[in-house]
Amino acid sequence: MKQKRKWIIIAILLLLANTYFYPYSNLSLNKSYSYNADNVMVRGYVKELRDFKKVYKNDLKENVFSEDITSRVDYLVLMSEQEWLVNEEPSKMKRSNLYRLYEDMKILKESLMELESEKNFSQETESYLTYTINRCKSIQKQILYILNSKNDSRYDLQTLYHTLHVGFMGCFGIFTSYYEAAKREKVK
């Protein structure tokens, strides 16, 4: 009887250790991970986001862009303000969050591709948009990689989420470059 209880305790301890060290594994009891972003990176990103929103708010008042473009910008800003991107505290990331993030990224990418097909701006301005679309595709691949990473450790997941975070920041930065270039062309 003591031998059986000892093996049960060992099995439970191994299961708990697996859950802690490999949060997305098949044997994990709680398939979530707390992503802890770099605070300096988050502060810089939040400042960039805040500055863009000020400019964008003024542009909305002056009707610089059509409703078609502003709806896409609104969606991108909404995606860029997700808790895990702007919060200095650890954010719990479940697989369901990643699936939703993947779908949101797909919608954004398709929306930007529609905008690109309209060819309303110069080649330089359009290249910013193309690069933003390519970043969206890259982010989608990163999300899929994380979703399929059942055997990655906490350390690996921290690196993967950090890379994803940087990807979002880069995508937003490139889109703001597109927005500014498009605005200069509209104002001319």
Side-chain angles (χ1 to χ4, degrees), residues 35-89 91 93 96-147 158-188:
Y35 169 63
N36 193 8
D38 180 339
N39 291 340
V40 174
M41 187 174 79
V42 170
R43 282 185 222 120
Y45 177 67
V46 169
K47 182 186 179 318
E48 184 179 340
L49 189 58
R50 195 177 323 119
D51 292 346
F52 177 78
K53 285 172 61 177
K54 283 180 190 174
V55 169
Y56 179 61
K57 190 175 180 180
N58 287 335
D59 292 346
L60 282 175
K61 289 178 186 174
E62 296 174 12
N63 289 325
V64 174
F65 290 107
S66 68
E67 176 71 29
D68 192 36
I69 292 177
T70 58
S71 65
R72 289 173 168 98
V73 174
D74 289 339
Y75 192 73
L76 182 104
V77 168
L78 184 66
M79 281 193 64
S80 301
E81 292 179 318
Q82 295 177 58
E83 179 188 340
W84 73 279
L85 293 170
V86 298
N87 195 351
E88 292 183 33
E89 300 298 318
S91 299
M93 298 296 289
S96 59
N97 299 110
L98 288 171
Y99 284 115
R100 188 171 39 254
L101 186 59
Y102 180 83
E103 290 302 318
D104 289 345
M105 218 49 215
K106 183 178 173 184
I107 291 168
L108 177 64
K109 179 189 72 177
E110 290 169 357
S111 175
L112 294 175
M113 288 172 77
E114 288 172 11
L115 188 60
E116 182 185 44
S117 69
E118 295 172 11
K119 303 278 186 212
N120 292 333
F121 298 103
S122 71
Q123 187 175 3
E124 177 192 357
T125 303
E126 292 290 332
S127 69
Y128 287 124
L129 185 58
T130 301
Y131 196 52
T132 303
I133 293 167
N134 289 338
R135 277 298 189 113
C136 289
K137 290 176 185 176
S138 175
I139 289 170
Q140 280 186 293
K141 288 178 185 175
Q142 289 173 324
I143 293 168
L144 284 177
Y145 185 84
I146 295 171
L147 281 169
Q158 179 65 27
T159 302
L160 291 171
Y161 276 110
H162 178 77
T163 303
L164 185 61
H165 196 163
V166 170
F168 264 93
M169 290 172 53
C171 185
F172 181 76
I174 295 164
F175 183 81
T176 58
S177 297
Y178 163 75
Y179 183 86
E180 291 165 2
K183 181 179 167 183
R184 281 192 303 272
E185 288 182 28
K186 282 283 189 184
V187 173
K188 283 183 181 177

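Remember, it's a predicted structure, so these values are computed and weren't measured experimentally. Values below: all heavy atoms of this structure, side chains included; hydrogens, waters and symmetry mates excluded.
Between S80 and V86, the shortest heavy-atom distance links the atoms O-CG1, 3.8 Å. A pairwise comparison of heavy atoms in L98 and I146 identifies CD1-CG2, 3.5 Å as the closest pair. Between N87 and A37, the shortest heavy-atom distance links the atoms O-CB, 4.4 Å. For the pair E126 and E116, the tightest heavy-atom approach, listed with the atom from each and the gap, is OE1-O, 3.7 Å.
Between Y179 and F65 the shortest side-chain heavy-atom distance falls below 4.5 Å. Proximity of F52 to V73: side-chain heavy atoms (C-beta onward) are separated by under 4.5 Å at one or more points. Contact of the L101 side chain with the Q82 side chain is registered, since non-hydrogen atoms from C-beta on lie closer than 4.5 Å. Counting heavy atoms from C-beta outward, F121 and Y128 have side chains that stay 4.5 Å or more apart.
Formation of a donor-acceptor pair under 3.5 Å by the Q158 side chain with backbone atoms of N36 is found in this model. The main-chain N or O of A182 is never found under 3.5 Å from a side-chain atom of E185 such that the two would form a donor-acceptor pair.
Atom OG1 of T132 sits about 9.0 Å away from atom CG of L108, to the nearest 0.5 Å. Rounding to the nearest 0.5 angstrom, the gap separating the CG atom in N134 from the NZ atom in K109 is 10.0 Å. From Y45, atom OH reaches atom CD of E81 across 8.0 Å, with rounding to the nearest 0.5 Å. The distance from the NZ atom of K54 to the CG atom of L49 is 11.5 Å, given to the nearest 0.5 Å. Atom CD in E110 sits 10.5 Å away from atom SG in C136 (nearest 0.5 Å). In this structure, the separation between CZ on R72 and CD1 on I107 is 12.5 Å, given to the nearest 0.5 Å.
With sequence neighbours excluded, no residue satisfies side chain to side chain donor-acceptor pair (under 3.5 Å) with E124.
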Task: Stepwise salt bridge (Lys or Arg N to Asp or Glu O under 4.0 Å) check, D51 with K47 - done: CA-CA 6 Å; D51 292 346; K47 182 186 179 318; 2.9 Å; yes

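Heavy-atom contacts from other residues, nucleotides or ligands closer than 6.0 Å to CD of E83 number 12 or fewer. The neighbour count for Y131 OH, taken as heavy atoms of other residues, nucleotides or ligands under 6.0 Å away, does not exceed 12.
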Please list every donor-acceptor pair under 3.5 Å in which a side-chain atom of residues 159-177 meets a protein atom from a residue at least two apart or in another chain.
{"unit_1": "T159", "atom_1": "OG1", "unit_2": "Y155", "atom_2": "O", "d": "3.2"}
{"unit_1": "Y161", "atom_1": "OH", "unit_2": "Y24", "atom_2": "OH", "d": "2.5"}
{"unit_1": "T163", "atom_1": "OG1", "unit_2": "T159", "atom_2": "O", "d": "2.9"}
{"unit_1": "H165", "atom_1": "ND1", "unit_2": "Y35", "atom_2": "OH", "d": "3.0"}
{"unit_1": "H165", "atom_1": "NE2", "unit_2": "L85", "atom_2": "O", "d": "3.1"}
{"unit_1": "T176", "atom_1": "OG1", "unit_2": "F172", "atom_2": "O", "d": "3.4"}
{"unit_1": "T176", "atom_1": "OG1", "unit_2": "G173", "atom_2": "O", "d": "2.6"}
{"unit_1": "S177", "atom_1": "OG", "unit_2": "G173", "atom_2": "O", "d": "3.3"}

